[in-house]
Amino acid sequence: MRNITIFRARSIITMNPARPRASHVAVQDGRILGVGDLSELEPWGNHTLDDSLADKVFMPGFVEGHAHAMEGTLWRHVYCGFFDRTDPDGRRWSGLKTLDAVLDRLKAAEASLSDPDAPLAGFQLDPIYLDNITVTRHDLDLVCATRPVGVLHASGHIMNVNTRALELAGLLRQGVDHPGIELGDDGLSIGVLKSPEVYAPVARHVGFGRSVTDADEQGLRDFARLCVRSGTTTVTDLAARLEDEVVGMMLRVTGEERFPARVVALKFFMGHTPEDLVNRAVELKKLSTDRLRLGRIKVIADGSIQGFSARLRWPGYHNGAPNGLWYIAPAQLAEIYERALARGIAVHTHTNGDQATELVLDTLGPALTKHPVRDHRFTLQHCQLADAAQFRRMKALGMCVNLFANHHFYWGDEHYRLTVGPERAGRMNACRTALDTGVAMAIHSDAPVTPLGPLFTAWCAVNRITASGRVQGESERITVAEALRAITLGAAHTLHLDGEIGSIEVGKRGDFAVLEDDPTEVEPGALKDVGIWGTIQGGRKFAAGDL
Amino acid sequence: MSGAVPVTIIGGYLGAGKTTLVNHLLRHAGGQRLAVLVNEFGELAIDQDLIEAEGDEIISIAGGCICCSFGDDLSGALTDLAALSPPPDHIVIEASGVAIPGSVAASVSLLAGFRPGAIAVLADAETVRDHARDVYLGDTILRQLHDADMVIMTKTDLLDRQAVLQVRDWLGATAGDAEIFEAPHGRLPGDVLLGPGASGCGHGPAHHHDASFESAAIAVDGPVEAHGLAARLADGELGVIRAKGFVEDVCGATRLIQVVGRRFEVLDSPARDRHILVCIGRSGGLRRAELRRLIQTGRTVP
């Protein structure tokens, strides 16, 4: 028998213009055998008709082109964010609107710990929404004074810790002199640790792993469960260290019979010479399976705009802060690009500031002259401040861009007020310009920085509403259809996977987002509220309610 | 704490000669266990003949030294090094080409068991001014130079004397208080970079291997005002570019004095049998008589 399953849906949005809508899709061995109405599919022969989802709307499984598997790992800690957010178990955690609420939730978690010395960690605190209050060690001492307590901010750049945590890390002493550590009247740190180098020595005492960005086994499974809940069937782990034993674990876990997502893990550049880095990517590529795709590189060029560590062109930061930091030397970036082009390895480069984007454009041009590779799909990740001229250069160089649409909602007001000012804030994450220029475009969440949820990401790009409710940069809005393409085929394109996923058509993977409503029929403002039943991944059904 | 492991930071852009300097240090470790942390491993980062054994993350080097990469986890790598048995006597961080060395030093200062030593920034005499004008790199290069305790000019042998002096003047105006040395092939004596005693000659007689430098070892009999003495040594007038020594403070406690260019520190120390201060200066630049008078008379504050 050929094991054909035909799924019946209320409607199937195929993203294939030749057959934009259908009622049935046939899947065999995890791949799409055909799309159409039942009569068109029946000639394939014996099949099982599955009409359990006949009242649902199918879309191509969503593709998240910029996320980190640590999203799964973080949920072992206490959620302290301002906005409601759903955990891997499907529990919806309410957003906390006051510091007292944050402390109360931490206290409740503390009360459930049996080991008196066990650390307690929270994540996703964002004081921007709490009137920019400073959370001190004394505040966290109210949660518990005897065990180490720490809370990581949503930005990932700052950690608040209690007195015990400072003590364990040897930082509760006079004479600490560091720009990232504010001292109180007593000459001691107030417990606010700014930048990862500063909080790294303390983080391990409060329960964060040493490699905060790497997922472990449970974290990877939890990450995949969040994928199901958000309709995502292919997800990136965009900055993975990918050491041998981690790769072994990832191969094993993603290979489990019921692992519900395809993970595209990019090799993080730090700690390797360009030659070694590219060699490793070539070796990793050979290990790829259907559900673990390896052999791409992630480079970070600059820092973040809200952390004032992004590299900006003139006139720089709106509040006068000095220019940010490079995370790679221009000459090394050039060498990575050249070697990667020569070996057929795609490089995704994080740029936030427009000067960092300019450096990438200036660097890739000459590299392509040396190695004229067609269809390289080198991708700019975030690329938040690019202007129209830079998009034209991306187009000319054949680059893709993955814009940080969610960021506009969460930090758009900060950019308007503080970091880059009204004019540049309005052009950030310029989806309209990208599409009008003909640059292949995706949009992303950068989970865990913002929640994994491609429909929410699409909503952000369509509406460009900030957290305070303002529309910022109205001319950069895109249509619902364009946004839906960006979270499917658009993201697939940046990963060279658009021939396999991103639309529902014969030969592609049987990956579907199974929705309660038709996102093209709801108001654009309600796009984020479309219910998600779950996914079908490689022909396997995953109901969010059963996870 | 005088027991903390000193950490010297070597900065400067790509091609300035950081790796050459590190190789020179490893060859002249003088019996010290030196650990070198590099941003990334490269096949040529460490001269092949120095390597005894090579693992994924650690290279063992003749004479007990090691080299390992830290990537984006400096504090983790330092913590791992401190856990070695025996721990290294001195750690050298070869910072990435775009790292801001002062930030690296500040991070080191937060870690229990370590203390920042000198910040040495290498400047390729041929290219440093071009880099300082580069639209992408300029401000980074200037910040690196600004953070330096010492600027080491390399490749000076490739320029004529006039050009070298011009670069030197420019560096002098750019790098503030930093001492500026010329070391065409990274051959800066270990004790200038790491501090007296680091290459085994600090406790010996008052001479120096390298004709460019001289050192003086002065017995410190009787108590001195340690803080004032250290400040005087660091004010530049006595020709001291590095100093290290144990003294008895006026309160009777033993202190470790360290001077790196214009910076100094005074640390608590366990009691010692002998109190000796070793000073290093440029050849002919050390004002020995005044140094002796300063120490012997105990008149530490002018």
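We name chains A, B, ... by the order of the sequence lines, and we start the count at 1 in each one. Note that the structure is predicted; figures quoted are calculated from it, not measured.
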### Query
Can you name the residues of residues 125-140 of chain B that have some heavy atom under 4.5 Å away from a heavy atom in chain A?
Val135(B), Tyr136(B), Leu137(B), Asp139(B), Thr140(B)
### Message
When you compare the side chain of Ser107(B) with that of His178(A), does any pair of heavy atoms fall below 4.5 Å?
### Response
yes
#### Entry: Contacting region of Leu78(B) [heavy-atom separation from chain A under 4.5 Å]
neither
### Task
Identify which part of Val176(A) has an atom lying under 4.5 Å from any heavy atom of chain B, answering side chain, backbone, both or neither.
side chain
### Ring center gap for His66(A) and His350(A) short of 6.0 angstrom
no
### Task
Against chain A, label Leu74(B) side chain, backbone, both or neither, depending on which of its atoms sit under 4.5 Å from a heavy atom there.
neither
### Query
Of the listed residues (Asp177(A), Val202(A), Asp362(A)), which shares the most heavy-atom pairs with chain B below a 4.5 Å separation?
Asp362(A)
### Engaged part of Phe268(A) at the chain B interface, taking heavy atoms whose separation is under 4.5 Å
side chain
### Task
Heavy-atom distances under 4.5 Å only: say whether Leu171(A) touches chain B with side chain, backbone, both or neither.
side chain
### Query
Heavy atoms, side chains only, cut-off 4.5 Å: are Arg164(A) and Pro148(A) in contact?
yes
### Query
What closest approach, in Å, do Val5(B) and Pro88(B) show between heavy atoms, and which atom pair accounts for it?
CG1-O, 3.8 Å
### Task
For Asp147(B) and Ile100(B), work out which heavy atoms get closest and say how close.
OD2-CG2, 3.2 Å
### Message
Taking Ser269(B)'s backbone N and O only, do any of them form a donor-acceptor pair with Thr254(B)'s side chain (distance below 3.5 Å, no angle check)?
### Response
no
### Task
Spell out the residues in residues 257-266 of chain B that have some non-hydrogen atom less than 4.5 Å away from a non-hydrogen atom of chain A, in order of number; otherwise answer 'none'.
none
### Message
Any donor-acceptor pair under 3.5 Å linking the side-chain atoms of His382(A) with those of Thr351(A)?
### Response
no
### Task
Report yes if some heavy atom in the side chain of Thr79(B) is under 4.5 Å from a heavy atom in the side chain of Arg204(A); otherwise report no.
yes
### Query
Is it true that a side-chain atom of Asp302(A) and a backbone atom of Arg311(A) form a donor plus acceptor pair closer than 3.5 Å?
yes
### Message
What I want to check is whether the side chains of His153(A) and Asn160(A) have a donor and an acceptor closer together than 3.5 Å.
### Response
yes
#### Entry: When Pro179(A), Ala329(A), Ser195(A), Gly170(A) are compared by non-hydrogen pairs under 4.5 Å with chain B, the top option
Ala329(A)
### Task
Counting only heavy atoms closer than 4.5 Å, note whether Arg173(A) contacts chain B via side chain, backbone, both or neither.
side chain
### Query
Rounded to the nearest 0.5 Å, how far does NZ of Lys18(B) lie from OG1 of Thr154(B)?
10.0 Å
### Query
Cut-off 3.5 Å, side chains only: do His68(A) and Asp237(A) have a donor facing an acceptor?
no
### Message
Given heavy-atom pairs under 4.5 angstrom as the criterion, report whether the side chain, backbone, both or neither of Ile181(A) touches chain B.
### Response
side chain
### Task
Using atom types as modelled and distance alone, determine if a side-chain donor or acceptor of Gln390(A) lies under 3.5 Å from a backbone N or O of Asp387(A).
yes
### Message
The test is salt bridge (Lys or Arg N to Asp or Glu O under 4.0 Å); show your working for Arg393(A) and Glu358(A) and say whether it passes.
### Response
CA-CA 9 Å; Arg393(A) 293 185 69 193; Glu358(A) 191 81 355; 3.3 Å; yes
